[in-house]
Amino acid sequence: MTATTDRLESLFASRVREVVPPLFGAAGEPVRPLISLAYGLADPDLFPRAELMAAAAEVLAYEAADSLNYALSYPGLTDQIVERLRAEGVAAQPEHVVVGYGSGQILALLPEIFVEPGDTVIIEAPSFLGAVRRFVQSGARLISIPVDDQGMDVALLSDTLRKLAAGGRRPKFIYTIPTFHNPTGVTLSLERRRQLVALAAEYGVPVVEDDAYIDLRFAGEPLPSLAALDQEGWVIRVGTYSKILAPGLRIGWVHARREIIDRLLMVKAEGTTGPFITRVVARFCENGRLERHIAMLRQHYAAKCAAMAAAIRQHFPAEASFVMPAGGFFIWVKLPQGVSARALLEAARARGAEFLAGTACFVDRAQGEHAMRLAFSFQSISRIEEAIAIIGAAFADL
Ligand SMILES: Cc1ncc(COP(=O)(O)O)c(C=O)c1O
């Protein structure tokens, strides 16, 4: 047994030699009856089960031959993605879209087409480590740009790009979540959006715009996406149906210049994404149904976010601060001086609730020690209030 283990270990490629534990525990049954605010799961009560059943039945009734066979990618869903992008002001083209198994798949393929070990990739700090870890595996050298209340610090990015250019280094891409950022919930200001797109063109560095939450706005006016501001094709826009329909469908997409799409298709080894499931999603979304569904989601998530914010104000120490998000799934709380997120998490777990410690959102785990991410997406309002009260009590245990 051990001999086999040893002999196997020496076979693995260097990028996976050291086993990194999964970022998030398996979503599902918690070991103890904990109320978890740790994960950005969708609210299962909001899944349109009956309509999805009807859509699946229709696909089986009318399109079984194509949907159950090896088939070319389904143009109907691509057309809908293009239509939504055009409504957002992007000059989108169907041949510039690839549909994947979740935006996670697309984000994992991007380093495969861009990164050689030692290349530079720019990310935000904090960020969505699910994607960032793939960049690390590709051997990229990461440079982190901090996020403040207005999103990525684009002035610092500008300095960084200038210094890199002076040293003859051009990053392979910049990864950003400009709208309802994961984990901080903040949105990149319009001014910074313009600057970021201009910097991308000036330095010739693609910007990967991961706008997973863009449609879940429940306050304020929409801002143009980076892709909508981009005149020269430096923005690689990545999107998903996970947050607006159901993550379990595993449908995401990318819109980018054809040169990039061609390369993505070369490394997307399994070929077409789900001929069956893409048709089910497209049928569900027809005739304005997706937009009506999103409007319903916005209302529900807005109410949950408001309930969580009110509970935080009631139960957390006054020095715990947060920026009220205008959409998305998360509230990011900065903890009072001296309070460690990991210690608080331990105390909260002992009392029956959990959150994501800020450290889980930074590549450099020395950061985020005084912050927590609270997901309001999954639990009911009453459970959110209960969990926040529990975490509030855990502050007193420290
Ligand atoms: C910012 C961001 N991008 C991408 C994803 C991945 O989404 P999916 O692979 O389900 O499309 C998530 C999921 O949590 C996310 O928060």
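As the structure lists them, so they are numbered: ligands from 1, and atoms in each ligand from 1.
Counted by atom type alone, Ser225 and Asp211 present zero donor-acceptor pairs between their side chains at under 3.5 Å.
Nearest to atom 12 (C) of ligand 1 among the protein's heavy atoms is Phe128 CZ, 3.5 Å. Summary of contacts: the protein heavy atom closest to atom 10 (O) of ligand 1 is Ser242 OG, 2.5 Å. Among all protein heavy atoms, the one lying closest to atom 2 (C) of ligand 1 is Asp210 OD2, 3.3 Å. Counting protein heavy atoms only, atom 14 (O) of ligand 1 is closest to Lys243 NZ, 2.9 Å.
In this structure, the side chains of Leu196 and Leu229 stay at 4.5 Å or more apart for every pair of heavy atoms.
Stacking of Arg170 on the aromatic ring of Tyr203 is not recorded, the 6.0 Å distance cut-off and the 45° axial limit not both being met. Annotation: cation-pi geometry not satisfied between Arg298 and Phe218 (NZ/CZ under 6.0 angstrom from ring centroid, within 45° of ring axis).
Listed by number with element, the atoms of ligand 1 under 4.0 Å from a non-hydrogen atom of Arg250 are 8 (P), 9 (O), 10 (O). For ligand 1, the atoms sitting less than 4.0 Å from at least one non-hydrogen atom of Gly102 are 9 (O), 11 (O), numbered in the order shown with element in parentheses. Counting the atoms of ligand 1 from 1 in the order shown, those under 4.0 Å from a heavy atom of Ile177 are 1 (C). Within the listing of ligand 1, atoms 8 (P), 9 (O), 11 (O) sit less than 4.0 angstrom from a heavy atom of Gly104. Close contacts of ligand 1 with Thr240, meaning ligand atoms under 4.0 Å from a residue heavy atom, involve 8 (P), 11 (O).
In the displayed structure, Glu95 atom CD is contacted under 6.0 Å by more than 12 heavy atoms of other residues, nucleotides or ligands.
Using a non-hydrogen distance threshold of 4.0 Å, Tyr213 registers as a contact of ligand 1. Not a single heavy atom of Gln105 sits under 4.0 Å from any atom of ligand 1.
Using cut-offs of 30° and 60° for the angle between ring planes, the Phe135 and Tyr175 rings count as perpendicular.
One option in Ser103, Ala42, Pro247, Ala131 has a heavy atom closer to atom 8 (P) of ligand 1 than any other, and that option is Ser103.
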Are Ile251 and Thr240 close enough, and set up right, to give a side-chain contact (heavy atoms from CB on, under 4.5 Å), and what steps lead you there?
CA-CA 6 Å; Ile251 294 295; Thr240 181; over 6 Å; no

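A salt bridge does not link Glu319 to Lys334: none of the charged nitrogens lies less than 4.0 Å from a carboxylate oxygen.
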